[in-house]
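What follows is a single structure, written as structure tokens, with notes after it.
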Amino acid sequence: MNNSRIPGLIFLTLFLAYGYFATAIPLDYFSLRESFNARTLPLIISLCGAVISLLLILAPPTPDEDADGPGNSAGTDHSPLHILPAVLLLLSMSFYGLILDRLGFVVSTLLFLCAGAVILGERRPLQILLASVPLVTGFWILMSLLGISLPSGDWFAFTETAY
Amino acid sequence: MLDGLLLGLGTVLTLQNLALVFAGCAAGTLIGMLPGLGPISAIALMIPVTYGADPASGMILLAGVYYGAIFGGSTSSILINAPGVAGTVATTFDGYPMARQGFAGKALATAAWSSFAGGTLAAVFLVVSVPVLADLALVFRSADYFALMLLGLSLVSAFSPPGQYLKALLMTCLGLALSTVGTDLSAGVQRFTFGRMDLIDGISFLLLAMATFALAEAVLMVLNRQAPPDRLRLRRRDMRLNRDDVRSIVPVISRSSVLGFLIGVLPGAGATIASFLAYGTERKLAGSKEQPGFGEGSIKGLAAPETANNAACTGSFVPLLTLGIPGSGTTAILLGALIAYGIQPGPRLFIDEPEVFWSVIVSMYIGNVILLALNLPLIPWIARLLDIPRPFLVPAIMFFSLMGVYLVSFNTFDLQMMVIIAAIATILRLLAFPMAPLLLGFILGGMLEDNLRRALLISENGPSFLWERPTTLVLLSMTAAVILAPAIRAVVTGGLAGRFRNL
């Protein structure tokens, strides 16, 4: 099975599901009688997407499937991928999103930057702090000067939740 | 035209706007130099900064960022063989060998002068061609626009390399599908929101651009970890070009700027194809004595793609400013920025917003001059940015991407959505699915739907709008030809077994 068939199958399922949900878009009596309504374009996209997905599944493997295209600079070489740090970084970003409002900009950003550096192999605490603290402070000062208020944290929310 | 140029000069030559061009070029160069971050990411990162500024000033800043990022990408291509974007891949062919031979300064100076010449010559072509095209575009109706949007979408997919055509079409469909999330403004009904309030306004284009380009690039940098580059120490005197160098690159620059501009004008072609074509052309034109030098550090081989990619960047503004059709992923983001400022790009832009229209064009001239003045003396210092260790660089890129989106909506749901989209985009990019068609489909989706709805209303719900106007018919025929051409070529050249091989 070439490396296009599994994504092709996933896309086929996705576009079929998209088409199914498109038929569930609520329409009033008058919209239902129009030749073009809120469902029309999604249904056309669903059909086109499903047909192209099928073609992708049926297409035989190509020698240059990893070639770079316009706007695509993945630079896919055949060296081994370092999946664990990439996954940990994605999780740390998600965690950053969860704690940003609760812990405030300064604390949560410092935690995120320090965690990122540790995930990527930096083990010197002083270096990590010397790189992270000026960035957070500089950004916070810049935003303050621009009149943009960053979240200051809702520290009592933890206590309230506990009760 | 002269009135327009004077209006543009009047708008740009204020202290504030000159400072914005300067800041844009500097920021673009710095961001573009970071491995993995190209003009799309640079512009996406800078858009939140321009919110609140007037549209002309915002576009002036973003045009500066665009040029700066292209030049910055060339710098990392030459110094560490790491092209930030596909558009500067051809620069590495001769730029990096030059740097390895000890001519890094000369290579950077050649890149700076070639970019300047390519950008400036193309800006002259732009001034001449844009008003003519804008007049032509005024006769466009909704049906023509619908056909034009289809052509723009199909060209992006058709210009993909072999093996990516179907993937590019699929990504275009995915972009179109994502554009339908949110409230349908004509009927006022919610589509694909699944009852979530956060999705009522749809997905923001900035979020999508940041997640698919900046964040996905940063994750890819971690996935494809490479050894850190050797440190380079550059001196200003190493960056001078002698008379022979100048004599050999002048004809290359003249040819490549015309070629780059013409390719840039075509929606979907962009700087990548322009730079490769210019490199290939110069290699073919070179005599048998010079030809083996290409790929080994030829100054001509460096000047050609550098001139062409900058000229193509300027050329891609023609369809954006005259028809509202982005010619590349980067201009697709600029189109989104224009819409965010409340401006509808297209033929009316020339008439309704002349100061925006002309100030963008004039800022290209000014931007090129500033870029040269800024980069030549600062190259040795700018290059030190590449010394930032990866454990600090990658989290910082991620932080700026997340904050860029958060500062617009102040909604942490957007951050979670970014992470999910970035993870999916990373997997898709590893499987060689191009991201530019996704972004283009997303941006053009809303306009495509509006124009199709309007055209159907005008033709009383019948399909006659498809063939009633010659312009529509010609554009739809071109779209069909573009979509079917690779399939026909595959059938003709590949035989039965390889029928779909080149799709």
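- Looking at A/Thr40, neither its backbone nor its side chain comes within 4.5 Å of chain B, counting heavy atoms on both sides.
- Counting heavy-atom pairs closer than 4.5 Å to chain A, the top-ranked of the candidates B/Leu402, B/Leu439, B/Leu457, B/Ile420 is B/Leu402.
- With values rounded to the nearest 0.5 angstrom, A/Tyr20 atom OH is found 13.0 Å from A/Ser46 atom OG.
- Neither the backbone nor the side chain of B/Ala216 comes within contact range of chain A; no heavy atoms are under 4.5 Å apart.
- Comparing B/Phe392, B/Phe410, B/Phe413 by heavy-atom pairs within less than 4.5 Å of chain A, the highest count is held by B/Phe392.
- Within the 4.5 angstrom heavy-atom criterion, atoms from both the backbone and the side chain of A/Leu98 approach chain B.
- Contact annotation for A/Ala115: neither backbone nor side-chain heavy atoms come within less than 4.5 Å of a heavy atom of chain B.
- The environment of CZ in A/Phe36 is crowded: more than 12 heavy-atom neighbours from other residues, nucleotides or ligands sit within 6.0 Å.
- For the pair B/Asp184 and A/Arg39, the salt-bridge criterion is not met [side-chain N within less than 4.0 Å of a carboxylate O].
- Put simply, OG1 on B/Thr172 and CG on B/Leu150 are 11.0 Å apart, with the number rounded to the nearest 0.5 Å.
- Residue B/Met417 does not touch chain A at all, counting heavy-atom pairs closer than 4.5 Å.
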**Request:** Tell me, with the steps shown, if A/Thr109 and A/Tyr96 meet side-chain hydrogen bond (donor to acceptor under 3.5 Å, both in side chains).
**Result:** CA-CA 7 Å; A/Thr109 308; A/Tyr96 179 51; 2.8 Å; yes
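- Closest approach of B/Ala425 and B/Ala211 over heavy atoms only: CB-O, 4.4 Å.
- The shortest heavy-atom contact between B/Met398 and A/Leu89 is CE-CD1, 3.8 Å.
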Side-chain donor-acceptor pairs of residues 129-142 of chain A under 3.5 Å, sequence neighbours excluded:
| residue | atom | partner | partner atom | Å |
| --- | --- | --- | --- | --- |
| A/Ser132 | OG | A/Ile128 | O | 2.8 |
| A/Thr137 | OG1 | A/Val133 | O | 2.5 |

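- Remark: B/Phe194 engages A/Phe21 in a ring pair (Phe, Tyr, Trp, His ring centres under 6.0 Å) (not counting sequence neighbours).
- Contact tally against chain B (heavy-atom pairs below 4.5 Å) for A/Ser94, A/Gly49, A/Gly8: the top residue is A/Ser94.
- When heavy atoms are compared at a cutoff of 4.5 Å, B/Glu449 approaches chain A by way of both its backbone and its side chain.
- Between chain B and the residues A/Ala24, A/Ala117, A/Ser31, the most heavy-atom pairs under 4.5 angstrom are made by A/Ala117.
- No side-chain donor-acceptor contact under 3.5 Å links B/Thr412 to the backbone of B/Leu415.
- Both the backbone and the side chain of A/Ile83 come within contact range of chain B, judged by heavy atoms closer than 4.5 Å.
- Heavy atoms closer than 4.5 Å to chain A are found nowhere in B/Met418, neither backbone nor side chain.
- Interface remark: A/Ser149 contributes backbone atoms only to the contact with chain B (heavy atom separation under 4.5 Å).
- Proximity to chain B (any heavy atom under 4.5 Å) is restricted, for A/Phe15, to the side chain, taken from C-beta onward.
- For the set B/Leu448, B/Val219, B/Leu174, the count of heavy-atom pairs under 4.5 angstrom toward chain A peaks at B/Leu174.
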